[in-house]
Amino acid sequence: AGGGQLWLRDTQSGTNILVSVDRHGQPAGAAGGFQGVQISADGRWVSFMSDHPDLADGDVNGTVDVFLRDVVAGSTRLVSRSSSTYGRSFGAVLARDASAVIFRSHATGIATHGGFWDLYGYSPSEATNRLVSLDITFGSGASGLCDRPVISPDGRWLLYRTTAYNVYPESSAGFEKLVLKNLTVQF
């Protein structure tokens with residue numbers, strides 16, 4: 001979907017801040033849309049998904065990706081950066097304190113051991129991605145679909161749904177289950 005711009009309203013100053021800025025500092029063109037917009041509690045960070053081709057350096061896959069805009073610094077990061085040119089990323093959630101962005105991706109090469117159905121966590125302070133849907137040994141990704149992430153306001157806890165059998169002991173393949181993960185162990 002194309003058209004339109006993404007704006008953030010500063011209710012204290014009564015001003016609008018353009019979020020949909022391309023990598024050259026100009027308003028993003030008509031190509032691409034914006035979805036799944038979330039704002040940090042302090043209003044500094046805005047996460048969103050877009051298929052716009054020119055929002056950040058390194059976006060070469062031509063499909064939906066996850067971005068994080070720092071409205072104070074005036075920069076946009078490609079959160080779902082991948083070594084693959086294939087696969088869209090989606091389902092992003094931003095911790096209210098902006099300590100993490102959790103997202104799902106069909107791309108490969110986002111983090112070590114990641115796969116088609118996995119969830120990833122992006123740390124803005126480190127500018128890195130980590131696989132968060134790890135198996136119980138922390139050695140590889142989950143063996144099944146992982147989706148519907150919910151993150152606590154402080155970015156410590158992640159809850160997600162999975163059909164994987166290797167995310168905790170005595171788990172059966174194909175059955176949906178909820179996984180609660182402490183992200184402070186990983187980040």
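All values reported here derive from a predicted model rather than from experimental measurement. Here, residue 1 is the first one in the sequence, and each next residue gets the next number.
For the residue pair R104/Y160, the side-chain donor-acceptor check at 3.5 Å is not satisfied.
Contacts of I39 classified as side-chain contact (heavy atoms from CB on, under 4.5 Å), with partners at least two apart in sequence or in another chain: L8, V46. Listed by chain and number, the residues in a ring pair (Phe, Tyr, Trp, His ring centres under 6.0 Å) with F48 are F34, F67 (sequence neighbours excluded).
Between L55 and A28 the shortest heavy-atom distance is CD2-CB, 4.0 Å. Pairing each heavy atom of D118 with each of S133, the nearest pair is OD1-OG, 2.8 Å. Among all heavy-atom pairs drawn from T162 and G144, the shortest one is OG1-O, 4.2 Å.
Between atom OG1 of residue T128 and atom OH of residue Y120 there is a gap of 14.0 Å, rounded to the nearest 0.5 Å. Taking CZ of R44 as the start and CG of L68 as the end, the distance is 9.5 Å to the nearest 0.5 Å. Distance check: L6 CG to L18 CG gives 8.0 Å after rounding to the nearest 0.5 Å. Put simply, CH2 on W45 and CG on D70 are 4.0 Å apart, with the number rounded to the nearest 0.5 Å. For the atom pair CZ of F90 and CG of D51, the computed distance is 14.0 Å after rounding to the nearest 0.5 Å. Put simply, CD1 on I151 and CD on Q38 are 9.5 Å apart, with the number rounded to the nearest 0.5 Å.
In this structure, Y122 is a member of the same hydrophobic cluster as L134, with clusters built from ILVMFWY side-chain heavy atoms closer than 4.5 Å. Tracing side-chain contacts under 4.5 Å through hydrophobic residues (I, L, V, M, F, W, Y), one never reaches L131 starting from W157; they form parts of separate clusters. With hydrophobic clusters built from ILVMFWY side chains whose heavy atoms lie under 4.5 angstrom apart, L158 shares a cluster with V179. L159 and L119 are not part of a single hydrophobic cluster, where members link through side-chain heavy atoms under 4.5 Å apart. Cluster membership for V37 and V21, using ILVMFWY side-chain heavy atoms within less than 4.5 angstrom, is not shared.
Checked by atom type and distance alone, the side chain of R9 pairs as donor or acceptor with a backbone atom of G14 at under 3.5 Å. Using a distance-only test at 3.5 Å, with no hydrogens or angles considered, no donor-acceptor pair links the side chain of T76 to the main chain of A56. At least one donor-acceptor pair under 3.5 Å links the side chain of S143 to the backbone N or O of Y165. Proximity of a side-chain donor or acceptor of R77 to a complementary backbone N or O of A127 within less than 3.5 Å is not detected. Looking at N129, its side chain does come within 3.5 Å of a backbone N or O of V79 through a donor-acceptor pair.
Applying the salt bridge (charged side-chain N to carboxylate O under 4.0 Å, His left out) rule to pairs touching residues 14-40 yields R23-D54, R23-D57, sequence neighbours excluded.
Counting heavy atoms from C-beta on, the side chains of D10 and V71 never come closer than 4.5 Å.
Annotation for R161: atom CZ counts as buried by contact number, over 12 foreign heavy atoms lying within 6.0 Å.
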